[in-house]
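Below is one structure, written out as structure tokens, with a few remarks after it.
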Amino acid sequence: MAFIVKKFGGSSVANADRIRRVAGIIADDYSEGHSIVVVLSAPGDMTDDLIERARELNDRPSRREMDMLLATGEQQSVALMAMALEKIGLPVVSLTGIQAGVVTSTDYGNARIEKINHDRISSELDRKRIVLVAGFQGYNKYDDITTIGRGGSDTTAVALAAVLRADKCQIYTDVDGVYTADPRKVEGARKLDEITYDEMLELASLGAQVLHNRSVQMGKRYGVEIEVLTSFERKPGTIVKEVTNVEDMKISGVAKDTNVARIALLGLHDEPGTAFRVFRTLSNEHIVVDIILQSFGRDGTQDISFTVARDDADIAVNALNAIQSSLGFDTLDLDDNIAKVSIVGAGMMSASGIATTMFEALYDAKVNIGMIATSEIKISVLVAREDADRAVQAIHRKFFD
Ligand code: ASP
Ligand code: MG
């Protein structure tokens, strides 16, 4: 007998048939004698639709009222699922975030879960009921409903699994696991049995958004094993945990990020404080900088190149141009026709030649490398955007065929 937290995303509860199918999955686990807490997202596109309805009335509604509205989506899911389970004769109770004791910070729309007072959930489980909890919501110290950020139901599920000390946390999505590359674009991409929290976080930051990032961070902090799987087929998915068998799997995945732009400042003064002033200017604009490269100085000048999200490029360029004379650079060069291609793998820390293999794959595919950055579990290169898919395929082939 195990204690399982299961979370189903919006597509798994989008209509009556799907709700019935999910009820069947829950019923199977329950009949095996497991204790079960289920977290649900709002059905289908309901959250987007509610945001749209709000906009029709007010383009700047208060965030408190927005949370009041958005929390209704998840409430519908748990009530409907409870009815489907009642119908097949199972003992069940649905709870809102407040009833489940999910206490959050005050910031509406993007609140953090601070603690979970789980007395109600625990007593319902003692009575052998299946407990359904509305994801994505909680309440703050003013007793107001809060939501915890788009995609936040994953985080509700992992938080509950941590607090209740569940044996596992299963997150059902519309993909059946985490792949070595985007299976729609890369032939031979395969599903991973296991991946580490850190790898998962890297892949998410590279655009392979399967789980809400905060849920992975929370899983790592509290040691909650998370399984990503599909509700459309009964088969095992990918397990996210601290240590995996990295003996023969040095690389877990190849990912591409096209939301990136490269800015180069040429001919900066080679003196203390230059980098500080460049990056302070950007952080004042709340711009996140990714890869940074500074060349060594010559003739009293130096160059600094870095990447930012493509959406931030214009703001960054304007902010830097505004202080051109005080920074004293000759030229600012912007390239937003690029992509970042990365390999991620906890196993590469202890392996040699990984970078060589990656660069060889790019050479074979005649892809030119713009910039290179490395971390303990990642190597990223900048390439021309038109080369990105070819680069991913070539690298994937080299490592996985
Ligand atoms: N329904 C919310 C959203 O669409 C939360 C979630 O799906 O996890 O963002
Ligand atoms: Mg989601």
Side-chain angles (χ1 to χ4, degrees), residues 5-15 18-19 21-22 25-26 37-55 61 63-82 94-100 102-105 107-113 116 131-140 144-162 169-176 178 200-201 204 207-219 224 226-232 237 240:
V5 174
K6 302 168 94 69
K7 180 260 173 180
F8 295 89
S11 57
S12 302
V13 294
N15 56 43
R18 292 186 182 183
I19 291 176
R21 177 169 47 216
V22 170
I25 296 175
I26 297 170
V37 171
V38 179
V39 174
L40 298 178
S41 294
D45 296 327
M46 184 172 288
T47 307
D48 289 325
D49 294 345
L50 290 171
I51 292 171
E52 192 47 45
R53 290 189 64 184
R55 288 227 174 90
R63 301 210 294 156
R64 180 192 183 279
E65 298 309 328
M66 210 53 204
D67 279 359
M68 196 69 178
L69 178 69
L70 294 188
T72 61
E74 274 67 17
Q75 189 174 337
Q76 293 185 36
S77 291
V78 288
L80 291 167
M81 185 64 71
S94 66
L95 302 174
T96 63
I98 296 179
Q99 292 171 313
V102 181
V103 180
T104 73
S105 61
D107 32 333
Y108 303 95
N110 199 23
R112 305 242 140 203
I113 297 178
I116 300 180
V131 180
L132 310 182
V133 178
F136 174 58
Q137 57 179 271
Y139 67 105
N140 63 20
D144 279 340
I145 294 176
T146 50
T147 66
I148 63 169
R150 295 304 307 271
S153 300
D154 295 349
T155 300
T156 305
V158 176
L160 280 169
C169 182
Q170 295 181 309
I171 302 211
Y172 291 78
T173 65
D174 38 18
V175 294
D176 59 3
V178 182
M200 193 67 201
L201 288 167
Q209 199 67 261
V210 184
L211 293 177
H212 196 228
N213 244 2
R214 270 160 58 195
S215 71
V216 183
Q217 284 159 355
M218 193 175 291
V224 178
I226 306 171
E227 184 182 9
V228 179
L229 68 178
T230 174
S231 61
F232 295 95
V240 190

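This one's a predicted model, so the numbers in the text were calculated from it and none came from an experiment. Atoms within each ligand, like the ligands themselves, are counted from 1 in listed order.
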Heavy-atom distances under 4.0 Å are what count here, so tell me which part of Glu74 touches ligand 1: side chain, backbone, both or neither.
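Just the side chain.
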Name the option, out of [options], that contains the heavy atom nearest to [atom].
| atom | options | answer |
| --- | --- | --- |
| atom 8 (O) of ligand 1 | Gly73, Ser153, Ser215, Ala157 | Ser153 |
| atom 7 (O) of ligand 1 | Ser11, Pro43, Ser41 | Ser41 |
| atom 3 (C) of ligand 1 | Gln137, Met46, Arg150, Lys7 | Arg150 |

Non-hydrogen atoms of Gly152 versus ligand 1: any pair closer than 4.0 Å?
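Heavy atoms of Gly152 do come under 4.0 Å of ligand 1.
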Looking at ligand 1, does Gly10 have a heavy atom less than 4.0 Å from it?
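No, Gly10 has no heavy atoms under 4.0 Å from ligand 1.
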Is there a polar contact between ligand 1 and Gly149, counting only N or O atoms under 3.5 Å apart?
no
Short side-chain donor-acceptor distance under 3.5 Å, Thr146 and Asp67:
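Result is no, nothing qualifies.
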Could you please spell out the steps behind the side chain to side chain contact (heavy atoms under 4.5 Å, CB included) verdict for Val210 and Ile171?
CA-CA 10 Å; Val210 184; Ile171 302 211; over 6 Å; no
Any Arg150 side-chain heavy atom under 4.5 Å of Thr47 side chain:
yes
How about Ser41 and Lys7: do any of their side-chain heavy atoms sit closer than 4.5 Å?
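A side-chain contact under 4.5 Å exists here.
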Taking all non-hydrogen atoms of both residues into account, name the closest pair between Ser11 and Asp174 and its distance.
OG-OD2, 3.6 Å
Considering the options Asp154, Thr156, Thr155, which one meets the side chain to side chain donor-acceptor pair (under 3.5 Å) requirement together with His212?
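Testing His212 for a side chain to side chain donor-acceptor pair (under 3.5 Å) against Asp154, Thr156, Thr155 leaves exactly one candidate, Thr155.
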